[in-house]
Amino acid sequence: MASDFIRDMIATDVETRKHDGKVCTRFPPEPNGYLHIGHAKSICLNFGVAKEFGGKCHLRMDDTNPATEDPEYVAAIQRDVKWLGFDWGENLFYASGYYDQLYAIAERLIRSERAYVCDLNEEQMSEYRGTLSEPGKNSPFRERSVEQNLDLFRRMRAGEFKEGSCVLRAKIDMASPNMKLRDPAIYRIKYAHHYRTGDAWCIYPLYDFAHCLSDPMEGITHSLCTMEFESARELYDWVIAAAEMPWVSRQTEFARLNLTYTVMSKRKLLELVEGKFVKGWDDPRMPTIAGLRRRGYTAEAIRAFCGRIGVAKNLSTVDLALLEFVVREDLNARSRRVLAVHKPLKVIVDNYPNQTEEFHAPYWPEDVPNEGSRSLPFSRELYIDADDFMETPPNDFYRLGPGREVRLRHAYVIKCERVAKNAQGEIVAIHCSYDPQTRGGVTPDGRKVPGTIQWVNVADALDVEVRLYDRLFVTERPGEARDFKEEMNPKSLMTVRMKVEPSLKNATIGDRFQFERLGFFIVDADSQPGSPVFNRTVSLKDSWAKQTSKSVQVSPRASKPKTEVKATVAVELPVEAQELMARHGISSEEARTMAAETHILVLFEGALASGGASKIAAALACNDVLGEVRARKLEGAPFSGKALAELSQLIGDGTLSSKQGKDVLGKMFDGEGGPKEIVKKLGLQQITDASTIEAMVDRVLAANADAAARFRAGNANVLGALVGLAMKESGGKANPKLVSDLLKKKLA
RNA sequence: UCGGGCGUCGUCUAACGGCAGGACAGGAGAUUUUGAUUCUCCUUAUCGAGGUUCGAAUCCUUGCGCCCGAACCA
């Protein structure tokens with residue numbers, strides 16, 4: 001499995017023995033709909049990570065809203081996760097299984113004055129909450145006593161109050177810039193029957209309370225969720241801390257999956273199901289796991305897809321073509337090839353005797369290492385596909401046309417002699433001759449027959465129902481310009497009849513085939529014994545169709561309009577920065593940084609006071625110290641201005657190159673002592689001796705003869721790489737400027 | 001900008017500060033009893049402007065753009 005930022009983070013946590021080196025993840029769907037391919041990404045990530053690090057992944061039904069949840073969904077979720085190939089073992093949990101504990105924690109929060117019962121109605125509450133840019137104001141019920149809150153909360157539970165009359169709220173901060181922290185509701189009254197707890201409760205916890213507590217209750221180490229929960233993380237941490245949970249789970253967010261030509265929210269999918277735009281959650285056009293399964297996708301293909309799309313934080317919309325690619329790749333290796341004719345056109349082989357012969361036809365092409373074959377009956381009346389005949393074909397059409405030859409797959413080469421038409425002038429049959437020398441499709445005389453087409457014997461043809469599926473939406477991003485339901489593809493399902501070879505009579509539900517030249521198909525559950533129904537999983541790539549439709553095809557996707565280069569408005573330097581600039585003789589950029597980052601200013605002034613070289617110290621402080629502080633999520637540098645002064649002196653007097661200076665800075669952050677100490681410990685005296693450097697440069701050049709050629713060919717970046725190599729050769733001690741100059745001279 | 005997140009080929013995703021790589025899509029060709037598969041080759045990217053550095057996609061400043069957040073949903 002390729003790595004990603006989450007796996008990197010977990011690997012670090014395991015190495016540093018966080019949580020005792022254990023890894024426990026969870027997949028927490030709400031049973032209010034079916035799982036879709038977007039969930040598959042999360043499932044593959046959570047279960048995959050657990051497996052890779054020798055940990056566990058729990059399956060947890062996040063069922064805290066009795067109004068929308070249903071046991072049917074619970075069963076479907078388990079079926080789909082299992083089908084995808086993942087096993088939660090004993091670890092199936094329900095948020096509803098924690099209602100007692102959650103209630104107890106809520107009372108604890110009340111006792112520690114971190115929660116209160118609020119009687120504001122929904123409208124008032126939203127008014128009190130303020131807006132994104134204005135702070136909210138405290139609820140008039142915020143200062144109720146512990147006793148009163150406890151009493152009220154218990155009466156909420158006892159069913160003494162109407163639905164909506166009050167809620168339990170966390171007492172955090174109504175002025176927080178993070179709206180999630182403005183005293184969020186954590187319990188509401190709902191007189192609804194819960195599918196698991198029945199009528200035991202009339203108050204239910206909300207997501208922000210239940211979810212973040214379920215995690216530590218189960219010993220979850222890494223709580224992976226999608227980006228829209230990012231601002232909830234602060235609340236997540238607050239609740240765990242406020243509840244004084246003995247276990248702390250860490251939430252990390254990644255980007256959810258979007259697919260072109262697809263809608264991916266449960267709300268929209270539910271709308272499609274309830275509005276009968278599709279035939280249910282498992283309609284093969286749906287991006288649900290159940291739909292994809294019925295469409296003929298394999299779990300392997302879906303997992304491969306999830307592996308290929310990666311995990312990152314960028315908002316991303318994956319091309320549907322990638323999903324089609326992985327399923328073709330998978331199906332190519334596992335589907336038997338059979339012959340089927342979509343639009344039957346009768347061929348009469350006039351010179352063929354009145355008989356039936358059988359051809360031995362392998363199920364697999366040569367490059368798929370599988371065994372098996374069937375026999376194919378052949379006689380003088382056959383069906384071929386109407387698309388494989390043209391009365392006036394262009395030169396590059398190498399199928400059948402008047403006077404032209406074509407190979408019938410596994411059978412004979414035939415030649416079109418004449419076309420039979422009815423009174424309306426429509427073609428009713430093609431009269432052909434066959435070449436008896438070409439039995440099995442070979443041409444002993446060595447002549448080229450470029451076209452090979454599929455066919456079915458009229459007498460034995462099976463007439464079957466086939467469902468041709470296509471993308472559900474016609475636009476890449478349905479719903480972006482108008483209501484997504486107005487952008488549905490009217491041809492997303494075309495139910496047709498096909499003539500297929502007789503061996504398919506006993507195909508059973510779930511069998512997969514490739515209908516040669518047409519696509520991959522699976523036998524649908526609607527099949528009856530002896531009369532299979534096929535779903536097209538995906539068509540074959542068809543470069544002929546692509547070529548012929550080129551003229552009508554939309555122009556290749558326009559490249560993204562580059563953001564217009566606007567005249568850069570010089571941003572005025574704040575007064576404090578101007579003062580600093582004048583006072584310390586530093587650059588405007590540095591002054592700006594120091595004016596904004598007090599700890600950098602303090603550090604720099606400390607360095608100045610200790611006699612540090614001001615230019616170097618300023619650059620170091622603003623560019624490198626600040627970067628390091630941020631990367632390590634610190635408040636400030638863990639060393640004094642004096643240490644910075646010392647370092648800048650070492651650089652200033654040539655003891656250290658600026659590169660070494662930065663390395664030393666890293667060690668200072670690691671707490672390995674002062675600059676001089678580190679230099680001594682590591683023996684970091686910079687190498688400036690010309691002959692020593694030349695020897696190293698020569699060695700690097702000798703070992704990378706091709707690099708020199710590439711540099712001369714115009715790749716200027718090679719120089720950087722060679723400098724890097726020479727630096728490594730010197731153990732980081734060479735003066736990079738000297739190395740670079742020498743290299744330039746030698747390469748010129 | 002009230003807070004947060006994110007900007008790398010058309011798309012998705014890599015690159016301890018050291019030759020911007022891979023996959024899909026697109027194009028050209030070879031092989032082919034599936035115009036499939038397979039195999040070769042090619043096109044295309046670091047949001048802009050400054051700064052630090054021998055060297056910046058990466059560090060700093062700044063501008064721009066996109067996304068998320070004001071359910072008693074999850």
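Given the structure is predicted, the values throughout are model-derived calculations rather than measurements. FYI, side chains are in, hydrogens and waters are out, and symmetry mates aren't considered; it's all heavy atoms of this structure.
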Just by modelled atom types, is the [Y] backbone N or O under 3.5 Å from a matching donor or acceptor in the [X] side chain?
X         : Y         : value
Ser587(A) : Glu590(A) : yes
Arg328(A) : Val538(A) : no
Thr317(A) : Thr260(A) : no
Arg336(A) : Tyr363(A) : no

Atom [atom1], compared across [N] and [M]: separation rounded to whole Å:
N      : M      : atom1 : answer
G48(B) : A57(B) : P     : 11 Å
C47(B) : G10(B) : P     : 12 Å
U46(B) : A56(B) : P     : 15 Å
G5(B)  : C42(B) : C1'   : 37 Å
G51(B) : U13(B) : P     : 32 Å
U1(B)  : G27(B) : P     : 44 Å
U11(B) : G26(B) : C1'   : 12 Å
U58(B) : U53(B) : P     : 16 Å

Quiz item: [X] side-chain donor-acceptor pair to [N] base, under 3.5 Å:
X         : N      : result
Glu366(A) : U32(B) : no
Arg233(A) : G4(B)  : no
Lys662(A) : G17(B) : yes

Can you tell me if the side-chain N/O atoms of [X] get under 4.0 Å from OP1 or OP2 in [N]?
X         : N      : value
Asn314(A) : G7(B)  : yes
Arg188(A) : A74(B) : yes
Ser588(A) : G50(B) : no
Asn32(A)  : C73(B) : no

What's the closest nucleotide to the [X] side chain, out of [options]?
X         : options                : answer
Ser316(A) : U13(B), G35(B), G3(B)  : U13(B)
Pro365(A) : U37(B), U34(B), G4(B)  : U34(B)
Arg592(A) : U61(B), A70(B), G55(B) : U61(B)
Asn65(A)  : G4(B), U34(B), C73(B)  : C73(B)
Asp367(A) : U34(B), A36(B), C54(B) : A36(B)
Arg308(A) : U34(B), C24(B), G35(B) : C24(B)
Lys541(A) : U37(B), C72(B), G5(B)  : U37(B)
Asn623(A) : C72(B), G18(B), G51(B) : G51(B)
Lys313(A) : G5(B), C73(B), C68(B)  : G5(B)
Lys546(A) : C54(B), C2(B), G26(B)  : G26(B)

Review point. Does A49(B) sit syn or anti, given that only angles within 90° of 0 count as syn?
Key: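 A49(B): anti.
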Review point. Any idea which heavy atoms bring Ile651(A) and Ser658(A) closest together, and the distance?
Key: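 For Ile651(A) versus Ser658(A), the nearest heavy atoms are CG2-CA, 4.4 Å.
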Review point. Are Asp741(A) and Lys745(A) within salt-bridge range, i.e. N to O under 4.0 Å?
Key: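 Salt bridge: no.
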Check your understanding: Can Lys190(A) be said to sit on top of Tyr204(A)'s aromatic six-ring, NZ or CZ under 6.0 Å from centre and within 45° of the ring axis?
Key ->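 Output no; distance or angle outside limits.
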Point to revise | Watson-Crick or G-U wobble partner of C41(B), both distances under 3.5 Å | key: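 Base partner found: G27(B).
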Point to revise | Of Arg630(A) and Glu134(A), the one whose closest RNA chain B nucleotide lies more 5' | key: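 Checking each residue's closest nucleotide, the 5'-ward one belongs to Glu134(A).
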